[in-house]
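The structure appears right after this line, and notes come after that.
Count residues from 1 along the sequence. When a ligand or atom number is given, it counts from 1 through the structure's own listing order.
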Amino acid sequence: MNDIKHHWEGVYNTKTDQEVSWYQETPVASLNLINELKLNKNYNIIDIGGGNSNLTGYLLKSGYTNLAILDISSKALERTKAKHGQRISTIHYITSNVLDFEPYLKYDLWHDRATFHFLTKGEEIKKYVNLVNHAVKHGGYMIIATFSESGPKRCSGLDITQYSAEKLKDVFKDGFKLIKSFEDTHQTPFNTTQDFIYTLFQKK
Ligand SMILES: C[S@@+](CC[C@H](N)C(=O)[O-])C[C@H]1O[C@@H](n2cnc3c(N)ncnc32)[C@H](O)[C@@H]1O
């Protein structure tokens, strides 16, 4: 097992939902953005680094039928599967480092909250950009939420890259146009705050 996978398996093997800073009972900002898009319920949606997020649970309840969650941690996906219970079969679970992901279909919506920002090396960021340029349909959407420039510099003991909307716009400029962005302050389960920047892009 490589170091990064080992790290995340360790987190999900030892910490409950309430013990990880990124946990949200209801991922309000992401759900609002997705609702505004008025996507067809059978569109292909993927949550990158979905971890223990409740996002796909809410999307299932809203009637979306083609959902996928990718995470480097199999333990995280096991836990999310257990939460989804009988609705399991309508979700595609993918255990992979996003940088090794080879999608066999194109997505209408790519959602990533607090995973992209763990990429700190230029070549990793370039790989992610090439991946989304290939994996998101023409006219499809991408939501990227990261720590903002006033947010934390590390997460889960790992370095992250902070972004502004302008910086994200520049990173993804070849394949995507920025539709909207806003800042959001996340209240962690330990009553501290983390500043995020949310961006919605459309594939050119
Ligand atoms: C900070 S958590 C955010 C979880 C979820 N997106 C949320 O908003 O609640 C980061 C997640 O990304 C996953 N992750 C980190 N690096 C990854 C990588 N290179 N490829 C795939 N998943 C990764 C971790 O296992 C973890 O579940």
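For Glu166, there are no salt bridge (charged side-chain N to carboxylate O under 4.0 Å, His left out) partners, not counting sequence neighbours. The side-chain contact (heavy atoms from CB on, under 4.5 Å) test applied to Thr14 returns no partner, not counting sequence neighbours.
Listed by chain and residue number, the protein contacts of ligand 1 are Trp8, Tyr12, Trp22, Gly49, Gly50, Gly51, Ser53, Leu70, Asp71, Ile72, Ser96, Asn97, Val98, Arg113, Ala114, Thr115, Phe118 (heavy atom within 4.0 angstrom).
The cationic group of Lys81 lies under 6.0 Å from the six-membered ring centre of Tyr93 and within 45° of the ring axis, placing it in a cation-pi geometry.
One side chain, Tyr23 or Asn54, offers a donor N or O that lies under 3.5 Å from an acceptor on the other.
Each side-chain hydrogen bond (donor to acceptor under 3.5 Å, both in side chains) pair with one or both residues in residues 147-161, not counting sequence neighbours, appears once here: His7-Ser156, Ser148-Ser150, Ser150-Asp195, Arg154-Asp159.
Taking the six-membered ring for Trp, Tyr141 and Phe201 have ring centres at least 6.0 Å apart.
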